[in-house]
Each structure stands twice: as structure tokens, then as C-alpha cells.
Amino acid sequence: MKQNSKFLFVFLALGLFLSCARTPQQLVSEKPVVTTVDLASEKGRDSVVCVVSWVGTEIGTEIGNGSGFFVDTDKIVTNIHVIAHPGPIFAKLVDKETVWEVEGVSAYDVKNDLVILKVVGEGIPLPLSESSTVRSDEPIVVVGYPDGKYKVTVGTINSIRSSDKWIRMKSDISGGNSGGPVLNSKGQVIGVHASVDSFYSYAIPSSVLKALLAKSKPMESLTEWQKRDDISAYAYFVQGANKHNAAHYEAAIADLDKVIQLDPKSIYAYPKRGLVKSALDDYEGAINDYNKAIKINPEYFEVYYNRGNAEFKLGESKFVRGNTKEAENLYRRAVESYTQAIQINPGYATAYQNRGVVKFKLGESESARGNVKEVRSLYEMAINDWTQVIKLNPKYLSAYKNRAVVQLKLSEFIAVQSNIAAQQLYESVIQDCTQVIHLDSQDADAYNKRGVARFRLGKSESIHGSTKKAQGLYAKAIEDYTQAIEIKPEYTDAYNNRAQVQLRLGGSKADQVDKVAAQPHYQSAIHDWTQVIKLDSGYPDAYYNRGNTRYFLGEFRASWGDIGEAKQLYEEAIEDYTRVIEMDPKFAYAYNNRGYAKCLLGKSEAAKGNLEKARNLYEAAITDSDTAIKLRN
């Protein structure tokens, strides 16, 4: 099974994309960034340390790296999760020569993942600022040791989380920065970096750090401190998270269970265990864990998002088993979960993306019941969600794809009431598919869908008498299908779609009494449906359509006096209709059209004096017509 906290659905036919694209991070303006980076880099080299630990595992000893910084001449602050595992700890500077041994712990705050370490020797403390003064969009710098290497990263303040006052930041930071300082433009500490999610980094505010420093107690040995239950909980969490990342799901759950036994109110364990359970397809268990996590921290927007994913996946499993009502209830719950994530984080593009998919699924259910009004409303809401995704991230490929699919479906309902509105949808689909092709020139599905939209728009223009414009659109649709086939040579839908357009374009030429120009399109249509049959011999519509095209082409050849070729085409058409009837004995139109072909073939035989053969063909035609009438009544 695959890890799947942000899952993906296939484009076209029955599926739409749910994505895990990350919203682009905003960069701060150039001038303050340069100043702050220079200042932070200089200060960091003397005060920010790499916190190194030796961690015992089942396969031996591993080296772990985190970050920290001096808050007093002999005290370093870092995150608890960096040093929770039993084993020795030391700190070093970027110069790799200055090293401090950790004597013990002078203070810690389990809720805020913060610990003050007493070291042997002295360092240069960083000045602390007041975190309550920070403002949204304020430039910041994070200093630390991702992958054990010194790095200065710029970003901006997004907001302050109201539940615990943690600072939410827009910056491209990895986990190795845990424990490092977050500095303002003056080089003062406003927070301690603690965690990252798909969109933001988070820092413990300096006010919490100041309060912890004021509570410093006599030093406790590191070994004894690491044995505490609340600290062991952190160690098990890190171990479980690593096992989750390595796809060792059962082992990860065992570790996370221990976290919860030691700390039932852990703000990290329930969300992580929910992800692991989802990876094991235990969606009900995952939802329960997400609900518990939300009770502990109702502002954790990714938990709402992941709960929505689990609710949707559980709904899908119910739907497959035929439990439609349960499935729809779960879909609605998923919509609500995504909505809650969006309310907390309005820039959460993937939540809009997935909410659009679920609304589409609900629309499909309403379509099966014939509830046209509800279908239109849900499709339109899905389209609005993907439009919002594109506003947030104009390069979000799957949003364009999804929107194109559902706009085509919506056009089927709109066209009955408003041809102008349907045309607008077709044009929008063309634009979306063009954008997909711009982003990915090898996307065969986008060419195919654009061809469908151009074909439908052409039919609409034809209805309004714009024959030349219609023919131009048909020609462009054929180009799109041809491109799709070049990319994907066994693309059955593209062959089928191209054949339909060739037939339509041939008919348009014939209506203009240009039979010479019409014939190559009919022949191309026959070729494409033959290819469809080679790829899918169990597709009755391909035989039926090929039979129709052979019938039309036979009429052309007969009108030019080419009786021999016309006869052959009628016989081939009859073979196609017969194959359809063998596959689907209740296909009334196949009987009807086979009757017409037999009648024309009989006429041809009569002209040559073969009266007995003509009579047999006429009688067979009557039988087919009678069968068609019975089936249609």
C-alpha cells in the first residue's frame, strides 16, 4: 500500500485529479532581505549550533542533527524532539572546531516542544525580541542546520495561530532547522523554529522562550531527563514518524500508540497515526484520530484536510460496495472538512482542488437520479473551486484538467437550454486544455479533450448556419486527435473521436454537394474505427459506426455509377451490423440500418437481373425492419 495523505485521481472518464501541489511561497522584498540575511548570517555563525545526537536503532547507531542557539553564555535552546532519544548530545558551530558537551537540562516545556540545555563552556547568546510585536508580511530569517549544513533561509510572517500563539511563516524550511532561531530584521530572536507542514513553517514565540528561561531550575542530567514519560513520548513519536516515512506502517502505529499511552494529549501523535492508518486503508480509524487531533488543536488545518481525504476514500469504498447513501454522506462530510481547512487557511489550494472533486462526485450521484438542477449546481461549485485553485497557483495542472472535464459535462445540461452558454463552456474548455498543453506538451488527454470541445463547438456553429466556421473547428479537432494519437498510439478514445469528426466533416462537405471532398473523410473515419476495433474488439459502437460510414460511402459510389464498389461497401456494412447484433441482440438501430443496406444491395442485384437474390435480400430487409420496430416499441 502507498502512503497517501494527499491522493491523486486519474483524469478523464470517471476520475479527476486530487493533488498535492504546494502553494508557491511568497518572497520578501529584496532590500530588507539582503540586510537581514547578512546580519543573520554573521550572528548565526557565532551563536547558532548544530545539535548532534547518537541515536540507537534496531540496526545500530545513527547520527541525528537538529539546530539550536545560545540564550545565555552556558545555555542552548532547541526542540525536545531533537534530543528526546536516549544517547549523548553535543553542540558545534559551523566552523566544525568549536564543540560543547551537554551537561543536562535546566528547563523544558512539553506542550511547546522546547528545552534549555546546560553546556560545558561558553557561547555568544542571541538577543531576544518580543514576539507579540510581529506582524503579517514582516520579513524574517531562519538560521539552522538542515542536513547538518549551516543555512540561512528568508521568509515572511503569515499569521499568529490563536490556539497557542505559534508563529506561522512562509518560508522554504526543512526539518533539520528544528530548534533554530527565527530572527527579525534587526537580528533579534522572535521565535524558535519547531515544525513544517505542506504550506507553512511554525515557530514557538520568543515570549514562551522568555517564560521558560525565567523558570530555569537546578540542572537535571540528560540521561534521567530522557527517561521521563513525557520525553519518551517525543522519542517514540520521532521513531514512529521515521517508520511511517519508510512505509513500515504497522511498526509506526506501535510507536505512535506508545506516544498516546505516555501522553494522551499529544498534539502530534493523533494526526500522524491518522496518516498511517489511511496508508493502511483504515479510513474509519484515521477519521477517529483526526477528530481527536482537532479537539486538541482546532486550528490545525492540515488535519481537516487529511480528514476530508479519509472521508472521501471511505466514501469511495462504500460506493463500490453499493452503499450509495453512506457514500454520499461521507462525501458531504469530506466537503465540510475541506471547507474548514480553507476557512483556517484561505490559500490552501489543494483543499479547494479536492473539494471540487468531491462536489463533482456528488453531482454524478445526482445525475444518476436525474436531478438536473442539483447536478448543475454541484458541477458549477466544483468549477468555482478549481477556478480558485488556478487563481492561487496559475500553474496548477490538474485544476485546469478537472475544470475542463466538468465544463464538458456541464455543457450537456446547458446546451438544452442555452446554446450560447454551452458555446462559452466549450471555449473555456479549449482554453483550459491549451493551458495544460502549454504546461505539458506531451499530455495526450488534453489534446483529446480539446478536440472534443472543438467538435462540439463546431456542431453548435453548424446548427446556427456557420458552416465554414464549423468546418474549421472540425479540422482543428482532427489535428488535436491526431496529436493525441502521435503521443499515445493506442489511444482508443482519440481514434474513435477522430472518426466521428471525420464523419461529421464528410457529411458537411456532402451537404454542400461536394462529394469528392467528402469521400476522403469517410474513408479516414472507416480507417479510424477499424483501428478502434483492433484495439478493442468488444466495442459494438465502433462496428455500428463503421457500418454506417460504409453505407454512406456506398451511396456515393452508387450515385457515380460505381456499382461494384458500392455493392462491396454495402456487404461490408451488413457484416458490421451483423457483428453488432451478435454482441447486442437488442440493438434496434443495427437491425434497422442493416435492413436499409440489404434493401440497397437487393436493388443492385435487381439492376443486374439477379431477381431471386434481390428478392431474398428484400425479404431479409423486411425482417430486420420488423425486428427493429418491435425492439423500439
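Side chains included, hydrogens not; waters and symmetry mates left out as well; all remaining heavy atoms used.
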Check your understanding: Can you check salt bridge (Lys or Arg N to Asp or Glu O under 4.0 Å) on K359 and D385, steps first, answer last?
Key -> CA-CA 9 Å; K359 287 174 179 176; D385 275 341; 3.2 Å; yes
Interatomic distance, NE2@H438 vs CG@L397, rounded to 0.5 Å, equals 11.0 Å
To the nearest 0.5 Å, atom NZ of K391 lies from atom OH of Y352 at 9.5 Å
Original post:
Does K459 make a cation-pi contact with F455, if we ask for NZ or CZ under 6.0 Å from the ring centre and within 45° of the axis?
Top reply: yes
Have Y447 and E486 got a donor and an acceptor in their side chains that come within less than 3.5 Å? no
Considering only NZ, NE, NH1 and NH2 on the basic side and carboxylate oxygens on the acidic side, decide whether R454 and E427 come within less than 4.0 Å. no
- Query: With a 4.5 Å limit on heavy-atom distance, are the side chains of E572 and R546 in contact?
  - Reply: no
ask   = Any side-chain heavy atom of R403 sitting closer than 4.5 Å to one from I390?
value = yes
- Item | Backbone of I430 reached by a side-chain donor or acceptor of T434 within 3.5 Å | yes
**Asked** Does NZ or CZ of R376 fall inside the cone over F413's six-membered ring, less than 6.0 Å from its centre and within 45° of the axis?
**Response** no
In this structure, OH of Y570 is separated from CD of E565 (nearest 0.5 Å) by 11.0 Å
Within the side chain of S604, is there an N or O that forms a donor-acceptor pair under 3.5 Å with the backbone of L600?
no
Review point. Are D493 and N448 close enough, and set up right, to give a side-chain hydrogen bond (donor to acceptor under 3.5 Å, both in side chains), and what steps lead you there?
Key: CA-CA 8 Å; D493 282 348; N448 185 56; 5.1 Å; no
- Task: State whether a side-chain donor-acceptor pair under 3.5 Å links Q431 with Q435.
- Result: no
Requested in this report: Using a strict cut-off of less than 4.0 Å between a Lys/Arg side-chain nitrogen and an Asp/Glu carboxylate oxygen, indicate whether R579 and E582 qualify as a salt bridge.
Outcome: yes
Within 6.0 angstrom of F587 CZ, more than 12 heavy atoms from elsewhere = yes
Backbone N or O of R504 within a donor-acceptor pair of the S508 side chain at under 3.5 Å? no
Task: R557 side chain to Q519 side chain, donor-acceptor N/O pair below 3.5 angstrom - done: yes
Is R550 salt-bridged to E571, cutoff N-O under 4.0 Å? no
Note to self: Is it the case that the side chain of Y596 and the backbone of A621 share a donor-acceptor pair, with hydrogens and angles ignored and the cut-off at 3.5 Å?
What the structure shows: no
CD1 of I414 to CD of Q424, rounded to nearest 0.5 Å, is 9.5 Å
Do the side chains of I478 and L505 get nearer than 4.5 Å, heavy atoms only?
yes
Taking the cut-offs as 6.0 angstrom to the six-membered ring centre and 45 degrees off its axis, would you call R168 and Y200 a cation-pi pair?
yes
Does the ring centre of Y522 sit less than 6.0 Å away from the ring centre of F556? yes
* **Flag side-chain contact, heavy atom, 4.5 Å: P298 against Y300** => no
Problem - Flag, side chain of S278 to backbone of G274, donor-acceptor distance under 3.5 Å - result: yes
Is the ring pair F360/Y379 parallel, tilted or perpendicular, if the boundaries are 30 and 60 degrees? parallel
Are E328 and R369 ion-paired here, with the side-chain N under 4.0 Å from a carboxylate O? yes
Original post:
Does Q483 reach the main-chain N or O of A444 with its side chain, forming a donor-acceptor pair under 3.5 Å?
Top reply: no
### Query
Is it true that the side chains of T156 and E138 contain a donor and an acceptor less than 3.5 Å apart?
no
Q. With a 3.5 Å cut-off and no angle check, do the side chains of Y577 and N592 form a donor-acceptor pair?
A. no
* Would you check if the side chain of Y474 reaches a backbone N or O of K469 as a donor-acceptor pair within less than 3.5 Å? => no
Test ring-ring contact (aromatic ring centres under 6.0 Å, His included), reference Y338, set Y331, Y305, Y304, output is Y305
- prompt: Short question: side chain of S337, backbone of R333 - any donor-acceptor pair under 3.5 Å?
  reply: yes
Open item on the list: Less than 3.5 Å apart, any donor N or O on the side chain of D528 or Y481 sitting next to an acceptor on the other?
Closed with: no
query: Side chains of S460 and N419: donor-acceptor distance under 3.5 Å anywhere?
result: yes
- prompt: Are the side chain of D443 and the backbone N or O of A446 linked by a donor-acceptor pair below 3.5 Å?
  reply: yes
Carboxylate-amine/guanidinium contact R161 E299, below 4.0 Å:
no
task: Using a 4.5 Å cut-off on heavy atoms from C-beta on, say whether the side chain of R498 contacts that of I485.
output: yes
CG (L617) and CG (L601) are apart, to the nearest 0.5 Å, by 5.0 Å
**Q.** K313 with D281: basic N within carboxylate O range, under 4.0 Å
**A.** no
Given 3.5 Å as the limit, does a donor-acceptor pair link the side chain of S317 with the main chain of L314, or not? yes
**Study point:** Between Y491 and D445: side-chain donor-acceptor atoms closer than 3.5 Å
**Key:** yes
When rounded to the nearest 0.5 Å, the distance separating CG of N402 from CD1 of I383 is 10.5 Å
Using a strict 4.0 Å threshold on nitrogen-to-oxygen distance, state whether E364 and K409 make a salt bridge. yes
* Asked: With a 4.0 Å cut-off, would you call E316 and K361 a salt bridge?
  -> yes
